[in-house]
Number of protein chains: 4
Amino acid sequence: MHAEQPVRSGRAKRLPRAVRERQIMDAAVDVFSRLGFHAASMDEISEVAGISKPMLYAYLGSKEELFATCIRREATRMMEAIATGVEAEEPPDVQLWSGLRAFFGFVGENRASWQVLHRQASSQGGPFAEELADMRGRAIGLVAALLVHSSDFATVPRAGDKEAESLAAALVGAGESLADWWLDNPQEPAGVVAARLMNLVWMGFGDLVAGDVWHPPSRRSDPEGDA
Amino acid sequence: MHAEQPVRSGRAKRLPRAVRERQIMDAAVDVFSRLGFHAASMDEISEVAGISKPMLYAYLGSKEELFATCIRREATRMMEAIATGVEAEEPPDVQLWSGLRAFFGFVGENRASWQVLHRQASSQGGPFAEELADMRGRAIGLVAALLVHSSDFATVPRAGDKEAESLAAALVGAGESLADWWLDNPQEPAGVVAARLMNLVWMGFGDLVAGDVWHPPSRRSDPEGDA
Amino acid sequence: MHAEQPVRSGRAKRLPRAVRERQIMDAAVDVFSRLGFHAASMDEISEVAGISKPMLYAYLGSKEELFATCIRREATRMMEAIATGVEAEEPPDVQLWSGLRAFFGFVGENRASWQVLHRQASSQGGPFAEELADMRGRAIGLVAALLVHSSDFATVPRAGDKEAESLAAALVGAGESLADWWLDNPQEPAGVVAARLMNLVWMGFGDLVAGDVWHPPSRRSDPEGDA
Amino acid sequence: MHAEQPVRSGRAKRLPRAVRERQIMDAAVDVFSRLGFHAASMDEISEVAGISKPMLYAYLGSKEELFATCIRREATRMMEAIATGVEAEEPPDVQLWSGLRAFFGFVGENRASWQVLHRQASSQGGPFAEELADMRGRAIGLVAALLVHSSDFATVPRAGDKEAESLAAALVGAGESLADWWLDNPQEPAGVVAARLMNLVWMGFGDLVAGDVWHPPSRRSDPEGDA
DNA sequence: TATGAATGAGGGTTCATTCAT
DNA sequence: GATGAATGAACCCTCATTCAT
């Protein structure tokens, strides 16, 4: 999580452009994530950023541009965080597991980013709704590819892309929703929550009830605990 | 889906309060679902409703109140639609299955309601965000109860409410996300989509890959097909 | 000249739309004529009109629309004033004379109208610059037609449209400039100034110096004196 | 027409003040003539001038001062161009003719200068309107003096200064308007247009129709043709 | 009751102008 | 001397909300 400047007073110190830009983006993500696109005002963003409004416009353009830039930056950060955690050579279930862990890890450490991405994006109407729907769509596509791949040798394959895509959509939604729930119930570590979702989607509730549980391949150097 | 009055012209006829109110709420749901809370204007709502703005205020209060009322009404409608489809005496998996079917059925037939509930609600920081979070929370609670109940006799029970709640949250999110996906890919009937989700959460992807599929208890008079 | 409301204070009285619209337009013409398009602010216009800004927008649209409407209204008024004074059956010189008299008469009685039309219009750039150039072009065209017609039987006809048009442009410019001069030197009645221009363009300075003067056909009921 | 620096990049070289000032003024005239006073921005001017904004202010003061300076410089240039073309010993009609030719010549070769002077000046209510009115007034005075002088021995002299001044105003306006027309219809050489105006004001349209035309005293080395 | 007319308040954006390096 | 960085002050426009008929 990026730290924000305390509310400014007096003339802002001169800073190189790149630094200011990051500062502003951080403030914007913060405000957008708290209030949503419409309710957020450029006034408030500039105040949180510790600069005057004209700087906002000079550096990041219009409100819409600023928002789109935020979305893109945070989405990229999240995608990269997840991609970094997944290794293509692993078997599908392990890939899924790594992805989930990385996802929850990112959400836990970047609440604001997550909220901008998840909460504000749906506010359909703006031109970025599209942009965000695209990103979500791409994420779903990736998961779908994973699922398809994992079932290449199995009985379901004939289901076709649409089936995989719909399951991926469900899975992504489950992840999002669980992430939100987790933010409101943060008692448990990321790994536990991730494992729970992994179990649900991989084993199914039926198996869970029957006592069958999915276990991650035991690895030693595992910083986070998992149930 | 509720029908809207064509754009009004001239003085509106005197109508019993209840009818007027329904008329206005229908218009409001329509506009809110299309534009979102902020972008929707009282002007447009009153126009679609076929009455003047002062009437809007006289009947439904402020914009926030109106929105909250919409949310409540649509949420109630949905809850009832689902509750109607579920019979408490059935075993848990059947209850879940019935609930899912009812949910997708409702969404398919009430796009506007669904969009108000799902899309607009989360994006606002206002006082209704709370209201909606509450409703969603209650829904999650119900599902959690179902899950808990279904596992009363099983190995997992000790997990406690939190585990069930988190799984319920994931399940609800999966349903929401899949519903959205379905609205964008409406080729398949509600029942098929519902069944797919049922399979995912009950059997798990692992079993699906292995060819194990969950089947609804065969009933005769079943209007919709299921996979 | 239309009278303006004194600066408003408190809520404006309810007025029928048509009346308010005229009131606003009068104020707008006043302010635009004094400050020009850019320097005029909607705030000031609304203040002069005795209403709040939202009414401005409700009735007359954006600033540009308002300005264009002003231009059109005043141009129409002036054109009509002139057209009314000219009779098509008269010989060309008499038509020109009548036109000049009507023009100066209008300018004398509608300073603000004139200034909006003349001063502000040239402020090139806006989309109305075009509009106004058109109107001026049409006026020049009319004068050119008059000149062409007046020379049908003479030696110059071969000169072609361009020559007539250029002379008409010169004549129109002379009229505008003289009108401005007159507003700064208002000692003499409209008729005198008009006659002077008539003499200049019809007799030429050479003849004037030689003592030859153009005389209007003597009519009795002539409200304004002419030299 | 003054040439502008290509868009600058990097630090501007140190230059003697006079050169810098000319550079800036050229840019300012260019921008003002294209956009008008209000629409022109100091940003654009400094960019065209190839220097930074603080330099702009250091050298030429505020926007208003800069504009006034532009007006003064261009007006002076034009006045001098005209004065150079007129010889005081010639008879009045020849002086007028020379002046007109010089004027049209200047306009043809200095479109930007002309547009700043003519179009932008009148439309502003600011303090330079005054300045420009002054200059125009002086020009009118000069023409008036010429007219008065040309009629010293004639029948009209008693008319007094006001009559001459008003005629001069008309003449100046005719010239301005014709110059504008010419810029939009540039097929004919400056001399032809000038001659046409000369004929109009000296012979009058009445004589023109009758076939009487004013002829310039034949001179040999005349670069531009005249009708 | 029902409404056309009216407004306070605030949001996005830009611009002339000036520090501080 | 020269500049990138910074801002106060306006301006256009819209919207939720309310009078007064």
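By convention in this document, chain letters (A, B, ...) are assigned in the order of the sequence lines, proteins followed by strands, and residues within each chain are numbered from 1.
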Within the distance-only criterion (no hydrogens, no angle test), does the side chain of D:Lys63 pair as donor or acceptor with the backbone N or O of D:Ser41 below 3.5 angstrom? no

Rounded to whole Å, the CD-P distance (B:Glu47 to F:dC15) equals 12 Å

Within this structure, what is the CG-to-P distance between C:Leu15 and E:dT7, rounded to whole angstrom? 10 Å

Short side-chain donor-acceptor distance under 3.5 Å, D:Ser33 and D:Gln115: no

Output yes when at least one side-chain N/O atom of C:Arg20 is less than 4.0 Å from OP1 or OP2 of E:dA6, else no. yes

Return the value, rounded to whole Å, for the distance between atom CZ of D:Phe67 and atom C1' of E:dA16. 16 Å

Distance check needed: E:dC15 P versus D:His38 NE2, whole Å only. 12 Å

So which one's nearest nucleotide on DNA chain F is more toward 5', C:Ser41 or B:Ala40? C:Ser41

Could you please name the option among E:dT7, F:dA2, F:dT7 that lies closest to any side-chain atom of D:Met55? F:dA2

Take atom CD1 of B:Ile51 and atom P of E:dG4, then tell me their distance rounded to the nearest Å. 11 Å

side-chain contact (heavy atoms from CB on, under 4.5 Å), paired with A:Val29, selected from A:Ile71, A:Ile24, A:Val116, A:Ile45: A:Val116

Please identify each residue that fulfils side chain to side chain donor-acceptor pair (under 3.5 Å) with A:Arg72, with sequence neighbours left out. A:Glu131

Can you check nucleotides 17-20 of chain F for protein contacts, nitrogen or oxygen pairs under 3.5 Å, and list what you find?
unit_1, atom_1, unit_2, atom_2, d
F:dT17, OP2, B:Tyr57, OH, 3.1
F:dT17, OP2, B:Lys63, N, 3.0
F:dT17, O4, B:Lys53, NZ, 2.5

Heavy atoms only: give me the nearest B:Ala40-B:Leu35 pair and the separation to one decimal. N-CB, 3.9 Å

Integer-rounded Å distance: F:dC11 P and C:Ile45 CD1: 11 Å

Partner set under salt bridge (charged side-chain N to carboxylate O under 4.0 Å, His left out) for C:Asp43, not counting sequence neighbours: C:Lys53

Using a 3.5 Å limit on both pairing distances, list the dot-bracket string of DNA chain E from the 5' end; Watson-Crick and G-U wobble pairs count, crossing pairs take [ ], interstrand pairs take |. .||||||||||||||||||||

Whole-Å distance between E:dG4 C1' and B:Leu56 CG? 15 Å

OP1, OP2 of E:dT1 versus side-chain N and O of B:Tyr59: anything below 4.0 Å? no

Salt-bridge test for C:Asp26 and C:Arg73: reply yes if a basic N is under 4.0 Å from a carboxylate O, no otherwise. yes

For A:Glu65, check side chain to side chain donor-acceptor pair (under 3.5 Å) against everything at least two apart and list the hits. none

Whole Å only: how far is the CD atom of B:Gln23 from the C1' atom of E:dA2? 13 Å

Results of side chain to side chain contact (heavy atoms under 4.5 Å, CB included) for D:Glu21 - residues two or more places apart only: D:Arg17, D:Tyr59, D:Leu60

